[in-house]
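As structure tokens, the structure follows; a few thoughts come after it.
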Amino acid sequence: MPELGEVEYFRKQWGKGLNKKVLAAELNADKKIFRGTDAPALREALRGAKLIGSEAHGKQMLFRFSKGGWLGIHLGMTGKLRVGAAGAARLKHDHLVLRQEGQSLILSDPRQFGRVLFHHGKEAPDWWRDRPVEILSAQFTLKMTGQFLLRHGRAPIKAVLLLQSGFPGIGNWMADEILWQAKIHPRRPAGGMRPEEVRRLFVKTKHICRVALRIVGGHDGDLPETWLFGRRWGRGGRCPADGAALERATVGGRTTCWCPCCQRAGEEFN
DNA sequence: TACAATGTTTTAAG
DNA sequence: CCTTAAAACATTGT
């Protein structure tokens, strides 16, 4: 599930635990989701600590606790954050449960492509300090975007949009939406874009992030019917703009959906 | 049964 | 060291 907007939605869910103490952290330290993390240390450090803040950055989340607890969460493909009852039983894929007075903050992730990180200390850990420029920040510029595309010039543009080092928070449906709205074929080499196309891609990237954060992040209604979003799942979809049958194929290792009429690119890419 | 699923990470090759 | 492409990861649902 989680791309930019959904990550923000889940962050807000755990936000319900703000300013409340963790009575106990329950987890299975040997689960894959804790790979590379000292899970027992996490459990000890969070017992009695208060949740004092949270942030999202692309698909990464950080939950800050008193006494120097820094909890990083990535939801992978199937991760979710929810709030349950105080004594809620741990379900099969509930890998981390923070018990608070009156409620439980729960992380579930069946496939465990997600990851939990933990750092105990005064300073922010490296994994939170070294982050790419956020798409909606003023530092994310047209020039930067053009440079990033050139740097990955031979890869298909779809694959480049999925690189978190350049487009943090963009996932599979957002990449397809950006390319459809910008009228660019997903298999076009990133470095072969005309200036006008780079500009369209840049503008649509910012726009789609903004709307996704508002609508998906706030669970505030549905994405516009005029978007590709609602038609791109499964075969047989039709382009909202011209009614053409949508194409589906694997591009950049992921299922990709596009309109062969709106997103023309010449024979060699179809 | 076999394949696909809103994502990285690893491995191998250029 | 850098980029690219493909496989791997673990589980569920169609």
Side-chain angles (χ1 to χ4, degrees), chain A residues 1-11 13 28 30-37 56-61 72-82 90-96 107-117 127 130-132 135 147-181 186-192 205 208-209 211-213 215-217 219 222-223 227-237 246-258 269:
Chain A
M1 280 221 185
E3 299 177 32
L4 195 68
E6 200 72 359
V7 167
E8 177 61 7
Y9 171 75
F10 286 130
R11 184 189 69 82
Q13 293 304 297
N28 284 339
D30 51 358
K31 284 300 201 174
K32 184 132 285 183
I33 199 168
F34 293 109
R35 60 196 180 280
T37 297
H57 187 111
K59 295 174 188 171
Q60 316 281 342
M61 284 178 284
I73 294 180
H74 188 287
L75 295 171
M77 195 87 98
T78 53
K80 285 175 163 56
L81 300 185
R82 68 179 198 275
R90 271 172 72 194
L91 305 179
K92 187 174 178 188
H93 302 296
D94 292 347
H95 304 302
L96 177 63
L107 161 64
S108 68
D109 184 3
R111 288 172 79 178
Q112 296 188 70
F113 289 176
R115 182 182 286 235
V116 174
L117 296 173
W127 49 259
D130 307 332
R131 293 170 301 166
I135 291 171
Q147 286 170 345
F148 190 78
L149 298 193
L150 284 176
R151 190 169 154 201
H152 299 278
R154 288 186 311 284
I157 184 63
K158 167 66 185 272
V160 176
L161 279 171
L162 291 173
L163 294 173
Q164 300 300 295
S165 54
F167 297 95
I170 300 300
N172 205 27
W173 80 253
M174 294 185 83
D176 282 0
E177 189 70 43
I178 290 165
L179 293 172
W180 179 75
Q181 290 194 21
R187 282 207 258 255
R188 291 272 304 282
T205 298
I208 287 160
C209 284
V211 175
L213 273 181
I215 295 182
V216 181
H219 270 204
D222 298 315
L223 293 169
W227 283 24
L228 177 68
F229 179 79
R231 333 268 176 129
R232 67 174 293 283
W233 316 101
R235 274 169 277 279
L246 295 169
E247 298 268 348
R248 286 168 74 79
T250 298
V251 181
R254 307 294 301 281
T255 296
T256 298
C257 180
W258 73 93
F269 303 117

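Reminder, nothing fancy here: chain letters follow the sequence lines and each chain counts from 1.
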Quick one: [X] [atom1] to [N] [atom2], roughly how many Å, whole number?
X        : N     : atom1 : atom2 : result
A:Leu162 : B:dT8 : CG    : C1'   : 11 Å
A:Leu117 : B:dT9 : CG    : C1'   : 13 Å
A:Arg115 : B:dT8 : CZ    : C1'   : 9 Å
A:Gln112 : B:dT9 : CD    : C1'   : 15 Å
A:Arg131 : B:dT8 : CZ    : P     : 16 Å
A:Ile33  : B:dT9 : CD1   : C1'   : 15 Å
A:His74  : B:dG7 : NE2   : C1'   : 6 Å
A:Met77  : B:dC3 : CE    : C1'   : 13 Å

Exercise. On DNA chain C, which is the earliest and which the latest nucleotide, 5' to 3', with an atom closer than 4.0 Å to a heavy atom of chain A?
Worked result: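 Extent of the interface on DNA chain C: C:dT3 to C:dT12.
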Exercise. Is A:Arg254 near enough to B:dG7 that one of its side-chain N or O atoms lies under 4.0 angstrom from OP1 or OP2?
Worked result: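 Yes, within the criterion.
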Exercise. For B:dA5, does either OP1 or OP2 sit under 4.0 Å from a side-chain N or O belonging to A:Thr255?
Worked result: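 Result: yes.
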Exercise. How far does the P atom of C:dA10 sit from the matching atom of B:dT11, given to the nearest Å?
Worked result: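 Per the computed distance, 14 Å lies between those P atoms.
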For this session: Would you mind classifying the nucleic acid contact of A:Lys31 as base, sugar-phosphate or nothing, using non-hydrogen atoms under 4.0 angstrom?
Result: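 Nothing: the residue A:Lys31, judged by heavy atoms under 4.0 Å, touches no strand.
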For this session: Remember a base hit wins even if backbone is also touched, and classify A:Arg35 as base, sugar-phosphate or nothing at under 4.0 Å, heavy atoms.
Result: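 No contact.
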Problem set entry | CG-CD distance between A:Leu228 and A:Gln181, expressed to the nearest 0.5 angstrom |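 Going from CG on A:Leu228 over to CD on A:Gln181, the span is 8.5 Å.
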Problem set entry | Residue mapping more 5' on DNA chain B - nearest nucleotide basis, A:Arg154 or A:Ile170 |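 Result: A:Ile170.
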Problem set entry | Carboxylate-amine/guanidinium contact A:Arg82 A:Asp94, below 4.0 Å |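 Yes, A:Arg82 and A:Asp94 are salt-bridged.
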